[in-house]
Amino acid sequence: MEASNIHAVARDLRHATRCGSPLTPAGFEALDLELACEIAALGRELALADGDRVAGYKIGLTAASARASYRYESPVHGYVLESTLSPSGSFVETQQLSNPMVEAEIAFTIGSPLDDPATSVQDVIEATESVAPALEIIDSRWSGGAASLPLLIADNTNAAAAVVGEPVRLPADIADATSLLTVGGAQHPGSTDSVLGNPLESVAWLARHLAALGSGLKPGDVVLSGSMNVPASLGNAAAASAQISRLGTVHASFR
């Protein structure tokens, strides 16, 4: 794929993110991971050029079943834009989304740098400023969804929006947390089993991964550590909430 085409795909994905109108995946069957990462990086640059700011990161494919569905052995990551973050109780606009789904997550706020390729769980514990219950709203800008891992990566791992609850100090037993996601009238239980078995390990993986790329986690970064449940379709639901043990509850309304 030529450089001009890569830029065009990044612009089209950015336009779809802002205005809807998903792209057809036809013609991108040969897209590889290297080019997908370039497209995602260009999309990030376009967002920054529009005046947005990167507020942190999201981690995807933390559940073994999700990795198996893409035939990939490790998690993946995307960036979280400041414009897509809202506090608990917010109204989230979803009219521009094609098939929004909701996940219950634990959001970490980083208090000190994590940029060591050998970052451990203990390092994450020491660097965490606070944690909070969160709802992540995901959506694909590819018509029919991302049918391959490169399509998922190019589209910033389906990032759409996130609603974050009140921060609390990191509980010592965070690895044993459970969740109950409610979307409309349907309930979806979950646990940290779907977050690499421990959300601290998920954040440690991200820090190691970013360090290998020459960067890292910075103070103030918000990290969505991974879904505690199978993504639930938002459908026509007007509200959703997630109760996470040891952390509290976060809720959002949709319009």
Side-chain angles (χ1 to χ4, degrees), residues 52-60 62 77-94 100-114 121 124-138 159-184 186-196 198-204 206-207 217-229 231-232 234 237-255:
D52 215 328
R53 187 182 76 84
V54 174
Y57 300 88
K58 58 161 291 181
I59 307 170
T62 58
H77 82 287
Y79 55 88
V80 174
L81 295 172
E82 186 175 58
S83 64
T84 67
L85 283 177
S86 304
S88 182
S90 295
F91 278 97
V92 179
E93 298 286 353
T94 58
M101 307 190 83
V102 188
E103 300 173 340
E105 307 216 6
I106 297 174
F108 285 70
T109 296
I110 304 302
S112 56
L114 285 170
V121 163
V124 173
I125 292 173
E126 295 173 359
T128 297
E129 177 180 301
S130 62
V131 289
L135 293 167
E136 185 182 8
I137 297 89
I138 60 172
V163 179
V164 181
E166 290 293 323
V168 300
R169 294 184 63 180
L170 178 67
D173 53 357
I174 190 71
D176 297 323
T178 59
S179 64
L180 182 63
L181 173 67
T182 303
V183 182
Q187 294 187 323
H188 309 271
S191 73
T192 54
D193 287 346
S194 297
V195 191
L196 294 185
N198 183 347
L200 293 166
E201 179 54 49
S202 184
V203 177
L206 176 63
L217 292 171
K218 306 181 299 299
D221 279 345
V222 174
V223 178
L224 301 175
S225 57
S227 180
M228 299 179 73
N229 59 277
L234 180 58
S241 66
Q243 181 178 5
I244 299 181
S245 61
R246 301 163 177 82
L247 302 187
T249 301
V250 58
H251 57 93
S253 299
F254 305 97
R255 57 186 179 191

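Since we're looking at a predicted model, the values are computed, not measured.
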Smallest separation among heavy atoms of [X] and [Y], with atom names:
X	Y	result
Ala177	Ile244	CB-CG2, 4.3 Å
Val121	Ala204	N-CB, 4.2 Å
Pro133	Ala242	CB-O, 4.5 Å
Ser191	Ser179	N-OG, 4.1 Å
Leu170	Ile125	CD2-CA, 3.9 Å
Arg246	Val168	O-CG2, 4.3 Å

Atom pair [atom1]/[atom2] of [X] and [Y] - distance to nearest 0.5 Å:
X	Y	atom1	atom2	value
Arg169	Ile174	CZ	CD1	13.5 Å
Ile59	Leu196	CD1	CG	7.5 Å
Glu201	Thr62	CD	OG1	11.5 Å
Arg255	Glu93	CZ	CD	4.5 Å
Ile110	Ser112	CD1	OG	8.0 Å

Apply side chain to side chain contact (heavy atoms under 4.5 Å, CB included) to the pair His77 and Lys58, showing each step before the final yes or no. CA-CA 6 Å; His77 82 287; Lys58 58 161 291 181; over 6 Å; no

Step by step, would you call Ile138 with Glu103 a side chain to side chain contact (heavy atoms under 4.5 Å, CB included)? CA-CA 8 Å; Ile138 60 172; Glu103 300 173 340; 3.4 Å; yes

Is [X] reaching over with its side chain to a backbone N or O of [Y], donor-acceptor style, under 3.5 angstrom?
X	Y	value
Ser90	Ser86	no
Thr128	Ser130	no
Ser253	Phe91	no

Side chain proximity check, [X] to [Y], heavy atoms < 4.5 angstrom:
X	Y	result
Val131	Pro171	yes
Thr109	Val164	no
Phe108	Leu217	no
Thr178	Leu180	no

When you check the side-chain N and O atoms of Asn198 and Thr192, is any donor under 3.5 Å from an acceptor?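 Side-chain D/A pair, Asn198 to Thr192: absent.
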
Apply side chain to side chain contact (heavy atoms under 4.5 Å, CB included) to residues Leu135 and Leu181 and explain how you reach the verdict. CA-CA 9 Å; Leu135 293 167; Leu181 173 67; 3.5 Å; yes

Show which side-chain atoms of residues 221-228 pair as donor or acceptor with protein atoms under 3.5 Å away, not counting sequence neighbours.
from   : atom 1 : to     : atom 2 : distance (Å)
Asp221 : OD2    : Lys218 : N      : 2.7
Ser225 : OG     : Ile106 : O      : 2.7
Ser227 : OG     : Asn229 : N      : 3.2
Ser227 : OG     : Asn229 : O      : 2.5

